[in-house]
Amino acid sequence: VSAAGLLARLRAAVGDAHVLRGGLVAGYDTDWTGRWQGRPVAVVRPGSTNEVREVVLACAAAGVPLVPQGGNTGLVGAAAPADGEVVLSTRRLDAVGVPDPGTGTLEAGAGATLQRVQDAARAAEFEVGVDLASRGSATVGGVVATNAGGARVLRAGTTRQQVLGLEAVLADGSIVTRMSGLPKDNVGYDLVQLLTGSEGTLAVITRVLLQVTPRPPARATALVALDGVPAAVELLITLRAGVAGLDAVEFLTADGLELVVAAGRARAPFAEPAPVLVLAEAVGLDADTLVEALAEAVASVSGVRDAAVAASDADRARLWEVREAHTEVLAPLRPVKLDVAVPVPALAAFVAELSGVAAAGGGHPVLFGHLAEGNVHVNVLGVPPERELDVTDAVLRLVAAHGGSISAEHGIGRAKREWLHLGRSAADIAAMRRVKAALDPAGLLSPGRVLPDV
Ligand SMILES: Cc1cc2nc3c(=O)[nH]c(=O)nc-3n(C[C@H](O)[C@H](O)[C@H](O)COP(=O)(O)OP(=O)(O)OC[C@H]3O[C@@H](n4cnc5c(N)ncnc54)[C@H](O)[C@@H]3O)c2cc1C
């Protein structure tokens, strides 16, 4: 099939207006970090599952690979096209249902933003467990395809624990559907869980069924200034043991806070800067009890320099600002950006050694992330371009040496596939290759992502 033949078939499938080329592909052809860019054959925007199937079959017939793309907020270069690929944008698959109280589920099209899905849940006094600072652009299809984590994993689990069903188009055009939402449904292999976190390499997800839970009546948040990472870890352990309904424990450091304040994204929360700040949030029946429980935990830990506790939505939002602005404020500085996790007991040693590793590569690390899961967003600033790969390699090896994960929540994509062996055994990787070959023998979907070349 010629390129013209493919375009004609794509136009017939989705309509002329939804096959974008030339200048119209801006915004779809570059990833969020600006590090990955390609020239796609076209950006195609199907409006239904059947149209997705037609697009997949057209690309298969032409032998042209395609990459599913949602909000394009992924941080590992997976959703941006390589030259010559078709981008399948899911953004028109954006229907959002209403929560079903009988099953505790909410259905949404893959292209609906997480924000819209959260709003739909909230309107019925429910909540969705997953939450990310990118909620306004990230889609639920992308969230499922990356098994996104975020700030609420402590109480709700990762996206994996919240996907009760999905519908997806496989590389051969077949449509798999598990949308019953039954919590007990052990009929054969669990395709929902296989496709969750598959980063666009096994299927195009078209619809998802997410778990929703009753919205807790009260929330309280504490922002705590601390001496260093060991004190932050002590606080985490105290909070976990003593605060029922603990929902999030995040951290940031003085360097990152300074950048966020300088960018005008938040006001300095305390008069004196502190090496580490921890943000903790708990949910429950009444705000006073939560405030008391948080304050008690904070008071019992050594190394606390200052603290603020808030329960109103406006005050809590101000405390969250200092944490949530980090990714966007750091982006223009083009950091070497590595999302990793280490076991909490190893965190202090890992952070201490990281400075040396970064300095050896000519840079210095700015750290923040999801403390409760030992999930550190390592942003190494000032690394000369020719040394970026060395720094990446050194940081990921340090993570592995501490028994950590080279990808906590952002995925592998194109950015980390050469380091897959630091996170999985040879047997595991071989099994992943066999899964990929079975579901997508021609390598149609997102080639060059997740698995390294043989
Ligand atoms: C400011 C900011 C904060 C962030 N915070 C977090 C965070 O706290 N936790 C976290 O986990 N991530 C975070 N991220 C990363 C990102 O938002 C998540 O990975 C998100 O899940 C991506 O959703 P998306 O719709 O933008 O996906 P995209 O970027 O479009 O795609 C990501 C991957 O999913 C695949 N994909 C997308 N849609 C589909 C589909 N329908 N079917 C099959 N494959 C698909 C793509 O091919 C690609 O591999 C953050 C990003 C930013 C910019």
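All ligand and atom numbering here is 1-based and tracks the order in the structure.
Assignment of G111 to the shell around ligand 1 is not supported, since no heavy atom sits closer than 4.0 Å. The shell of residues lying under 4.0 angstrom from ligand 1, judged by heavy atoms, includes H370.
Close contacts between ligand 1 and A148 involve ligand atoms 11 (O), 21 (O) [criterion: under 4.0 Å to a heavy atom].
Taking atom 36 (N) of ligand 1 as the reference point, the nearest protein heavy-atom neighbour is A145 CB, 3.6 Å.
Residue contacts with ligand 1 for V143 involve both N, CA, C or O and side-chain atoms from C-beta outward (heavy atoms, distance under 4.0 Å). At a heavy-atom cutoff of 4.0 Å, ligand 1 is contacted by the side chain of T146 but not by its backbone.
Heavy atoms only, all atoms of each residue included: H410 and V76 are closest at O-CG2, 3.5 Å.
Around the CZ atom of R433, the shell of radius 6.0 Å holds more than 12 heavy atoms that belong to other residues, nucleotides or ligands.
Counted by atom type alone, E250 and W320 present zero donor-acceptor pairs between their side chains at under 3.5 Å. Between the side chains of H370 and E409, a donor-acceptor pair is found at a separation under 3.5 Å.
Taking any N or O of E199, backbone or side chain, at least one lies under 3.5 Å from an N or O belonging to ligand 1.
For T139 (side chain) and G142 (main-chain N/O), a donor-acceptor pair under 3.5 Å exists by modelled atom type.
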